[in-house]
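The structure under discussion appears below in the form of structure tokens.
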Amino acid sequence: MTAAVVCLTMALTVVVLMHHAASSEGRDRTRWQALIALCAGIGVWTTHFVAILGYRPDAGLIYDVGTTALSVLASLFFVGVPLAMGSSRRAPRVRASWGALTGVGVGGMHYTGMSALEGCIITNDPVLMAVALFSGCACFALALGLRGDRVAVGRVLLIVSGVCALHFTAMAGVSLEISSEVTGRTFDTGPLSAFVALTSLALSVSSFFALAAARSLRAKRNKASRREAQQNRLLSIAMRNMSNGLVMYGTDERIIALNDQAVTMMQLKTGRIGEGSTLTEMFQAIAEAERWSEARRDNRIRAFREYFSRTETTRFEVEIGSGQVLRVCCRPLAEGGAVLTYDDVTERRNAEAAMTEMACHDALTGLPNRRRFQDQVATMLRSGRERWVMMLDLDRFKAINETLGHHVGDMLLVSVSDRLVDAGLDGRLYRLGGDELAVLPDKEGGDSEEVAKLIVGSLAAPFTVHGHSIRISCSAGLVVAEETDNADILLQKADLALYRAKAKGRDRVERYEAGMMEKAQERRNLELDLAQATERGEFVMHYQPIYELPSKTLAGFEALARWEHPVRGRVAPADFIPLAEENGTIHHIGKWIIDETCRQAARWPEHIRIAMNVSAVQMRSPRIADDLASALARHDVCPGRLEIELTETAMVEDGCAIAASLCRLRRLGVRIAMDDFGTGYSSLAHLREFELDRIKIDRSFVAAIERDADARAVVRAVTSMAREMSITTVGEGVETREQLQRLIDLGCDAAQGFLLGRPALAAEAELVIAAHLFDNDARADAEAVSGGAVLRAVVA
Ligand code: C2E
Ligand code: CA
Ligand code: CA
């Protein structure tokens with residue numbers, strides 16, 4: 001009875017401990033297994049000895065202490081250890097094997113225990129011995145091999161059955177003969193009983209503690225699993241409600257977690273991919289949805305494996321079939337696998353693309369702008385197709401803007417671009433800014449000559465803008481790319497060709513010709529020098545005499561600027577004045593000329609007049625009148641001695657600003673002359689329009705005067721009309737006596753030219769003045785003249 005209780009306690013404890021061992025890991029499990037080995041070893045041994053003690057109380061059996069102790073160890077190692085090993089989470093078959101081994105161990109322990117009896121002849125029935133061993137092994141194998149959750153009771157019963165079946169069947173086959181040597185010897189069963197009682201107590205106590213520990217552990221586990229369940233719930237709520245798609249892969253490339261957003265974003269069929277699916281399966285599903293080739297799929301899988309193996313996060317964007325753009329962030333995990341998040345950035349990318357598109361288009365005309373043009377030029381240069389650029393500039397667009405208003409100008413630009421687009425330049429016409437447009441060849445190439453014709457044809461009919469009928473032409477510069485041209489050079493060349501078209505009178509196409517770039521570079525160098533020429537004192541004034549007709553008395557001089565360049569030598573005004581006008585240095589240079597001329601005039605007799613050339617650019621600035629007034633005052637020169645020469649073209653074309661300056665100069669008392677009459681409009685009407693003091697008949701007329709009756713007729717008409725209006729006339733560029741005589745005959749008031757005197761330095765001009773004074777017996781006047789060393793010397 002006691003043995004049965006001990007056995008049952010042992011079995012219960014062991015089964016509880018087995019349960020914990022099976023559900024724990026690592027060192028915890030080892031500890032539980034050690035406890036199992038201890039409980040089972042001691043429990044089985046105790047059961048055996050308690051049963052033996054009660055076997056033949058009459059016989060007064062004597063036990064060998066050493067063998068008994070050995071049987072305890074046998075029980076621990078051959079019963080406890082296999083049972084502990086069989087309590088792992090391995091396959092039922094493996095566990096059953098350990099169970100069978102435990103049965104063998106119990107048998108071994110049993111017979112070792114029996115052999116501790118001294119002075120007994122023990123015979124075992126081999127059949128029953130085998131049956132005992134077999135039934136013990138079977139029960140233990142079954143006990144450990146049981147599978148499922150509710151196996152505790154079965155296991156307890158099987159363990160108890162195993163121990164009992166083995167013991168009692170084995171005992172049934174034992175015949176015990178007590179030898180005469182020990183008969184009558186008494187064996188003190190006290191210590192053995194005490195030992196057995198002690199081990200039973202130890203078993204009970206350890207069972208108690210084991211059960212208590214098991215209980216607290218279960219409570220802890222429950223708490224932990226409740227917490228884990230709670231966390232899992234929160235995590236799944238978070239995953240369901242986050243805006244990103246999320247996929248988490250484990251070490252084995254299997255999906256541990258994935259949310260619906262990821263499935264939707266990647267446009268996978270629901271249910272196709274889920275937890276447990278592999279990376280390969282995922283990409284197979286994506287490849288099917290996106291119709292990828294196998295090679296592409298395998299490439300992506302390889303790439304992802306590589307991302308997983310990195311230590312840092314990988315970020316990239318992918319565009320999927322529907323046009324959606326996903327931003328993928330792959331964060332590898334230290335323990336293996338990776339977390340992938342997917343962000344739908346389609347809207348952001350679309351907005352960015354729209355902004356880029358806007359940034360590449362001109363808001364007014366809707367044409368692609370300079371930025372896009374530059375990109376396209378670069379693309380064209382890389383391509384093998386025809387490569388040319390045509391730059392267009394509307395002629396006199398500025399005047400339209402100024403006279404009809406910017407609104408009309410804008411509408412005109414829109415109409416022009418619409419017409420050109422409709423004519424077939426769609427997609428290859430660009431607005432570079434203002435009224436500057438450009439055309440590139442289309443994808444198939446396209447002939448530049450045809451484009452030029454098409455443009456001319458399109459602009460032929462007038463435009464109607466806000467009730468105004470406007471005719472507009474354009475100038476174009478064409479350049480065909482050379483092998484070595486880059487985008488910048490090509491555009492510079494096109495600009496130069498356009499510049500030439502403008503210079504050649506507009507409404508035409510000019511091609512870039514070899515050498516134009518070099519000339520432009522030369523021009524730039526000249527410009528740089530020009531900017532510093534005034535400070536370096538490189539300008540000097542020359543003076544060309546003007547004589548009154550028919551008396552041939554000296555009336556005065558025309559001041560003509562010269563640039564004495566330290567390297568280039570003398571640079572003619574025709575070469576540097578237009579340049580100075582373009583880059584604005586003319587204001588600075590002009591101011592110096594005004595001052596220098598007034599300074600010179602002050603040194604010469606009062607009756608000597610000085611004519612000074614001013615350019616239209618200078619006249620457009622309101623500063624000109626102030627500069628003149630202050631120079632006249634500074635050098636104390638009477639304004640009436642000074643004559644300003646301005647071309648007819650400048651007077652007519654530059655409108656209001658020039659008219660205002662002319663008006664202010666006249667009020668100052670300065671005289672006004674129209675220069676180069678006959679080269680521009682040559683309109684007699686203009687003579688009435690402007691309040692002129694003098695008209696200078698251009699050299700070309702004077703040259704033609706001998707041979708050409710028409711030229712003579714014009715000169716006659718001009719001189720007689722001018723006389724009527726009290727305007728004096730000067731014939732320029734007189735080189736022959738015949739020309740001079742003709743001018744006298746035609747009634748011209750004055751003459752100037754190489755025949756009468758070349759432009760020369762002030763010192764030479766003073767000689768002329770002095771000689772003239774002798775001629776005219778005007779010695780008295782000379783006394784009054786101050787300054788002019790040469791003049792004084794000559795007079796003396
Ligand atoms: P322009 O005002 O018509 O000046 C007369 C030009 O004719 C001068 O050339 C003069 O040297 C030249 N000339 C005079 N007589 C004869 C002649 O019998 N035969 C020939 N073939 N030529 C003659 P230059 O000095 O080279 O000046 C050229 C132009 O440069 C001037 O034409 C004027 O428009 C401009 N210019 C000269 N000096 C100045 C200046 O100080 N300021 C401005 N704004 N322009 C100037
Ligand atoms: Ca002149
Ligand atoms: Ca002239």
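Atoms within each ligand, like the ligands themselves, are counted from 1 in listed order. Everything numeric here is computed off the predicted structure, so don't read it as measured data. All values below come from the heavy atoms of this structure, side chains included, with hydrogens, waters and symmetry mates left out.
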> Is any NZ, NE, NH1 or NH2 atom of the basic residue among Lys398 and Glu402 found under 4.0 Å from an Asp or Glu carboxylate oxygen of the other?
Replying inline: yes

> Is the closest heavy-atom distance from Arg758 to ligand 1 below 4.0 Å?
Replying inline: no

>> Among the N, O or S atoms of Glu558, which one sits nearest to the Ca ion (ligand 2)?
In response: OE2

> Which of these, Glu645, Glu648, Glu643, sits in a salt bridge (charged side-chain N to carboxylate O under 4.0 Å, His left out) with Lys696?
Replying inline: Glu645

>> Taking 3.0 Å as the limit, list every protein N, O or S atom around the Ca ion (ligand 3), by chain and residue number.
In response: Asp675 OD1, Asp676 OD1, Glu732 OE1, Glu732 OE2

> Closer than 4.0 angstrom: is that true for some heavy atom of His542 and an atom of ligand 1?
Replying inline: no

>> Return the closest protein heavy atom for atom 19 (N) of ligand 1 as residue, atom name and distance.
In response: Glu735 OE2, 2.5 Å

> How far is atom 15 (N) of ligand 1 from its nearest protein heavy atom, and which residue and atom is that?
Replying inline: Gln544 NE2, 3.0 Å

> Using heavy atoms and a threshold below 4.0 Å, how should the contact between Leu755 and ligand 1 be classified: side chain, backbone, both, or neither?
Replying inline: neither

> Do NZ/NE/NH1/NH2 and the carboxylate oxygens of Glu732 and Arg699 come within less than 4.0 Å?
Replying inline: no

> Once you round to the nearest 0.5 Å, how far does CD1 of Ile546 lie from CZ of Phe557?
Replying inline: 9.0 Å

> For ligand 1, which atoms have a heavy atom of Gly733 less than 4.0 angstrom away?
Replying inline: 15 (N), 16 (C), 17 (C), 18 (O)

>> So if I apply the side-chain contact (heavy atoms from CB on, under 4.5 Å) rule between Leu429 and each of Thr365, Ile455, Leu437, Leu440, which one comes out positive?
In response: Leu437

>> Less than 4.0 Å is my threshold; does some heavy atom of Arg562 fall inside it relative to ligand 1?
In response: yes

> Do protein heavy atoms approach atom 9 (O) of ligand 1 to less than 4.0 Å?
Replying inline: no

> Considering Pro573, Ala751, Ala572, Gly753, which one's heavy-atom position lies nearest to atom 26 (O) of ligand 1?
Replying inline: Pro573

>> With a 4.5 Å cut-off on side-chain heavy atoms, are Glu535 and His588 touching?
In response: yes

> What residue and atom, counting heavy atoms only, is the protein's closest point to atom 31 (C) of ligand 1, and at what distance?
Replying inline: Leu560 CD2, 4.4 Å

>> Closer than 4.0 Å to some heavy atom of Ile593 - which atoms of ligand 1 meet that?
In response: 41 (O)

>> At less than 4.0 angstrom from any non-hydrogen atom of Glu558, what atoms of ligand 1 do you find?
In response: 2 (O), 4 (O)

> For ligand 1, which atoms sit closer than 4.0 Å to a heavy atom of Glu732?
Replying inline: 3 (O)

> Can we say Lys504 and Glu510 salt-bridge, meaning some charged N sits less than 4.0 Å from an Asp/Glu carboxylate O?
Replying inline: yes

>> Given the ring of Phe463, does Arg419 sit roughly above its face, with NZ or CZ under 6.0 Å from the centre of the six-membered ring and within 45° of the axis?
In response: yes

>> I need the nearest protein heavy-atom contact for atom 38 (N) of ligand 1: residue, atom name and distance, please.
In response: Ala561 N, 3.1 Å

> Considering only protein heavy atoms, which is closest to atom 6 (C) of ligand 1, and at what distance to one decimal place?
Replying inline: Arg699 NH1, 4.2 Å

> So which protein heavy atom does atom 13 (N) of ligand 1 come closest to, and at what separation?
Replying inline: Phe754 CE2, 3.8 Å

> Any side-chain heavy-atom pair from Met391 and Leu432 closer than 4.5 angstrom?
Replying inline: yes

>> Heavy atom to atom 42 (N) of ligand 1, shortest distance: which of Asn613, Leu756, Thr647 holds it?
In response: Asn613

>> Could you tell me if Asp627 and Gln618 have a donor-acceptor pair between their side chains, going purely by distance under 3.5 Å?
In response: no

> What protein heavy atom sits nearest atom 11 (O) of ligand 1, and how far off is it?
Replying inline: Pro759 CG, 3.5 Å

> When you check the side-chain N and O atoms of Asp676 and Thr647, is any donor under 3.5 Å from an acceptor?
Replying inline: no

> For Ile586 and ligand 1, does the shortest N/O to N/O distance drop below 3.5 Å?
Replying inline: no

> Is it true that Arg603 and Glu766 make a salt bridge, defined as a side-chain N closer than 4.0 Å to a carboxylate O?
Replying inline: yes

>> Determine whether any protein heavy atom is located less than 4.0 Å from atom 4 (O) of ligand 1.
In response: yes

> Does NZ belonging to Lys552 count more than 12 external heavy atoms closer than 6.0 Å?
Replying inline: no

>> So that I can tick it off, tell me whether Asp362 and Arg370 are bridged by a salt bridge, with the cut-off set at under 4.0 angstrom between side-chain N and carboxylate O.
In response: no

>> Under a plain distance cut-off of 3.5 Å, with no hydrogens placed, do Asp488 and Gln492 share a side-chain donor-acceptor pair?
In response: no

>> Distance under 4.0 Å to a non-hydrogen atom of Asp676: what atoms of ligand 1 satisfy this?
In response: 3 (O)

> Parallel, tilted or perpendicular for Phe539 and Trp592, by the 30°/60° rule?
Replying inline: tilted

>> Just so I know, are the side chains of Arg694 and Met674 near enough to count as touching, which here means a heavy-atom distance under 4.5 Å?
In response: no

